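See structure below.
Because the structure is predicted, anything quoted here is derived from the model rather than measured. By convention in this document, chain letters (A, B, ...) are assigned in the order of the sequence lines, proteins followed by strands, and residues within each chain are numbered from 1.
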Amino acid sequence: MDTIKGIKGVKDILPEETPRWRFIEDAARRWALAYGYQEIRIPIFELTALFARSIGSSTDIVEKEMYTFPDRDGSSLTLRPEGTAGTVRAFIEHNRAADPVPQKYFYLGPMFRHERPQAGRLRQFHQFGVESFGTSDPRADIEVIALLWRLLSDLALPDLTLEINSLGGAGDRAAYKPLLRSFLSQQESRLCENCRRRMETNPLRVLDCKVPDCRTVTESAPRLTDHLSPDARTHFDQVLEGLTAIGVPYRLNPRLVRGLDYYCLTSFEVTSTHLGAQNAVGAGGRYDGLVETLGGPSVPAVGFAVGLERMSLMLPPESFSSTNDCHFYVAAFGEKGTRIGLVLLDELRRAGLSTQCDYRSTTLKAHLRQADRLQCRYAILLGDDEANCGSITLRNLESKAQENLPLAGLPSLLKSRVSL
RNA sequence: GUGGGUGUAGCUCAGCUGGUUAGAGCGCCGGAUUGUGGAUCCGGAGGUCGCGGGUUCGAAACCCGUCACUCACCCCA
């Protein structure tokens, strides 16, 4: 009989690991709410066309990484590879643009991409992301970047670097691309095979090729940031000034080009050297045209997404507590003790006291061993001796101090006399 | 999709140029303590050596295939 195993690149998060995940998720929620972002819960799957149209049909994600399957009526559905598309769809569908207050959302949940798994990369992975709609003011960019930076700093993730660039407006890129392309074609012989192909399809991507030869070539390439329109230039300068004003350190990276088609103007990425080959923790940027592209009104927007697995990989182990919060263990044994123990256990729990028991243990020794393993603070010993005189023995498992207490009214007695 | 590394007990790993009953540490169960945990001592259980084939008198080891995990390329969070 072959046992059924989990899917490649899809991992279980076991009870030992969930405290660290809750710690990260709680911090993300707390920071998002503090910045005025509201949680939105969007579906795990959508019509395939949504992702094809928003992410860009020639990106790797759409070309070969999506989990796409037919619905029963034949329409094509896809497990979400990222969160922005669905959020924008919901924003349009519920006409949120008509709401007079700024529409600022955050989401948290699994994403799916069919890639080869490696360190920091899974097929089902988790992202926390925010989207700020309706504000083209550079302060919206600053806010989003600040939120990301403060969150990651709060978690004490090591050796973070914020890199930033401006992709300019659509017109700027249209004017810049021919310049870059002609520069590249002069150097074509020195470029890697991949870049020669990219030269035609997406010349911007040549800029962040990792091949050393390509990097030396592009070192002297014309820079997009030198060809920004006055508006785009001003916007970028204001973002940088704002980051300086609030003390968020950044590094200009003219090579930074995001992979998804919808980005414009501000583009940023937070990296760390502690992540193996996948050094990006989180990234984002402005996507002013996307809402309109997806059939909504013309609404500017800016956002980011961070990878929770990658945050988890970097989280210092001492920064969160994984201690068991179960305080009491009911060690009921013997015929009468077992019977009374069942009731006591329920009473303690109803009184809000976290209480454990192992029903497989039949001797006091076995019970205490389990209480120890479960890291309980107190054991409530209840054998036939106690049962016969209507009492229990409260044992402090650290100090070993024991005292006899009446069974009647025990929950409230414990609540008042035991400081937890 | 491409390349490298690794698959031996619940976990971490030994196992020499092929040699007969496959080992250790930790963990687990039991006892020393018939109502007192962690420490110590003693005892015990637990393995299709990833799977399939081949070479050989003999394979955990060598060869071929296959699967899984893992790291990296590509790309991304």
Side-chain angles (χ1 to χ4, degrees), chain A residues 1-3 5-11 16 55 58-65 80-84 108-129 148 152 192-195 197-198 202 205 208-211 256-260 268-272 275-285 303-314 329 331-334 337 358 360-387 392-402:
Chain A
M1 177 81 170
D2 287 347
T3 56
K5 299 181 68 181
I7 298 166
K8 182 198 284 286
V10 178
K11 279 203 172 161
E16 296 77 40
I55 297 167
S58 66
T59 59
D60 276 13
I61 293 178
V62 173
E63 269 184 359
K64 51 191 187 195
E65 295 177 359
R80 62 183 190 192
E82 51 98 56
T84 299
L108 198 58
M111 306 294 165
F112 306 85
R113 293 183 198 172
H114 189 106
E115 299 182 273
R116 241 352 223 284
Q118 81 187 66
R121 179 201 284 166
L122 296 173
R123 290 187 174 177
Q124 174 173 338
F125 62 105
H126 298 78
Q127 285 187 334
F128 162 70
L148 174 59
L152 299 180
C192 71
E193 199 178 324
N194 231 316
C195 282
R197 189 169 39 78
R198 278 195 283 235
N202 193 349
R205 294 220 61 93
D208 74 355
C209 182
K210 285 177 195 158
V211 178
L256 181 62
V257 178
R258 313 268 39 254
L260 284 56
F268 57 93
E269 188 167 277
V270 176
T271 59
S272 171
L275 277 175
Q278 261 55 48
N279 62 355
V281 193
F304 71 73
V306 277
L308 297 190
E309 278 80 3
R310 293 183 185 182
M311 290 166 84
S312 176
L313 278 174
M314 290 193 294
Y329 183 99
F333 57 102
D358 182 349
R360 298 169 304 180
S361 302
T362 53
T363 63
L364 179 58
K365 186 187 179 76
H367 270 129
L368 285 173
R369 188 163 49 224
Q370 291 301 63
D372 185 47
R373 281 201 270 242
L374 292 164
Q375 296 175 52
C376 292
R377 305 263 288 270
Y378 297 93
I380 293 166
L381 316 190
L382 178 50
D384 286 346
D385 293 353
E386 287 87 352
I392 59 96
T393 300
L394 181 67
R395 178 179 176 85
N396 182 321
L397 289 168
E398 282 166 72
S399 70
K400 300 184 177 184
Q402 296 193 172

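- With rounding to whole Å, A:Arg121 atom CZ is found 10 Å from B:C74 atom P.
- One finds no side-chain N or O of A:Arg123 lying less than 4.0 angstrom from the OP1 or OP2 phosphate oxygen of B:C76.
- Within the 4.0 angstrom heavy-atom criterion, no nucleotide atom of any strand lies near A:Gly129.
- Under the Watson-Crick or G-U wobble criterion, with both distances below 3.5 Å, B:A68 is paired with B:U6.
- Nucleotides B:G31 and B:G47, compared at atom C1', are 26 Å apart to the nearest Å.
- Atom CD in A:Glu65 sits roughly 7 Å away from atom C1' in B:C76 (whole-Å rounding).
- Rounded to an integer number of Å, the gap from A:Arg116 CZ to B:C71 C1' is 11 Å.
- Summarising the geometry, the separation between NZ on A:Lys400 and C1' on B:U36 is reported as 9 Å, rounded to the nearest angstrom.
- Counting any heavy atom pair closer than 4.0 Å across all strands shown, A:Ala280 reaches sugar-phosphate atoms only and no base atom.
- For the pair A:Lys5 and A:Asn279, nearest-nucleotide mapping onto RNA chain B gives the more 5' position to A:Lys5.
- Heavy atoms of A:Phe333 sit under 4.0 angstrom from at least one base atom.
- Looking only at distances, no side-chain donor or acceptor of A:Arg116 sits under 3.5 Å from a matching main-chain atom of A:Gly9.
- Within 3.5 Å, a donor on the side chain of A:Arg310 pairs with an acceptor on the base of B:C76, or the reverse.
- Between the base of B:U70 and the side chain of A:Gln118 there is no donor-acceptor pair shorter than 3.5 Å.
- A distance of about 8 Å separates the C1' atoms of B:G50 and B:C67, rounded to the whole Å.
- Between A:Lys64 and B:G1 there is no side-chain polar atom (N or O) within less than 4.0 angstrom of OP1 or OP2.
- Within the structure, a side-chain polar atom (N or O) of A:Lys11 is placed less than 4.0 Å from OP1 or OP2 of B:U70.
- Atom pair A:Asp358:CG and B:C29:P shows a separation of 10 Å (rounding to whole Å applied).
- Distance A:Ile7 CD1 to B:C67 P: 17 Å, rounded to the nearest Å.
- Taking atom C1' on both B:U20 and B:U12, the two are 29 Å apart, rounded to the nearest angstrom.
- Minimum atom distance to the side chain of A:Leu368 is reached by B:G37, of the listed B:G37, B:C73, B:A77.
- With distances taken from any side-chain atom of A:Asp60 to the nucleotides B:A72, B:A77, B:C74, the minimum falls on B:C74.
- Across the strands present, B:C73 finds its partner in B:G1; the criterion is a Watson-Crick or G-U wobble pair with both atom distances under 3.5 angstrom.
- Considering only side-chain N and O atoms, A:Lys365 lies under 4.0 angstrom from the phosphate OP1 or OP2 of B:G37.
- Under the 3.5 Å distance criterion, the side-chain polar atoms of A:Arg310 are left unmatched by any main-chain donor or acceptor of A:Gly282.
- Pairing partner, B:G46: none, since no Watson-Crick or wobble contact has both distances short of 3.5 Å.
- Within 3.5 Å, a donor on the side chain of A:Glu386 pairs with an acceptor on the base of B:G35, or the reverse.
- At whole-Å resolution of the value, CG in A:Asp385 and P in B:U36 are 12 Å apart.
- Put simply, the side chain of A:Arg373 and the base of B:G38 share no donor and acceptor less than 3.5 Å apart.
- Under 3.5 Å, the side chain of A:Arg113 and the base of B:A77 form at least one donor-acceptor pair of N or O atoms.
- Remark: the backbone N or O of A:Asp372 is not paired with any side-chain donor or acceptor of A:Tyr329 at under 3.5 angstrom.
- When rounded to the nearest whole Å, the span between CD of A:Gln402 and C1' of B:U36 equals 7 Å.
- With both pairing distances under 3.5 Å, B:G38 is matched to nothing as a Watson-Crick or G-U wobble pair.
- In this structure B:A60 sits in no base pair that meets the Watson-Crick or G-U test at under 3.5 Å.
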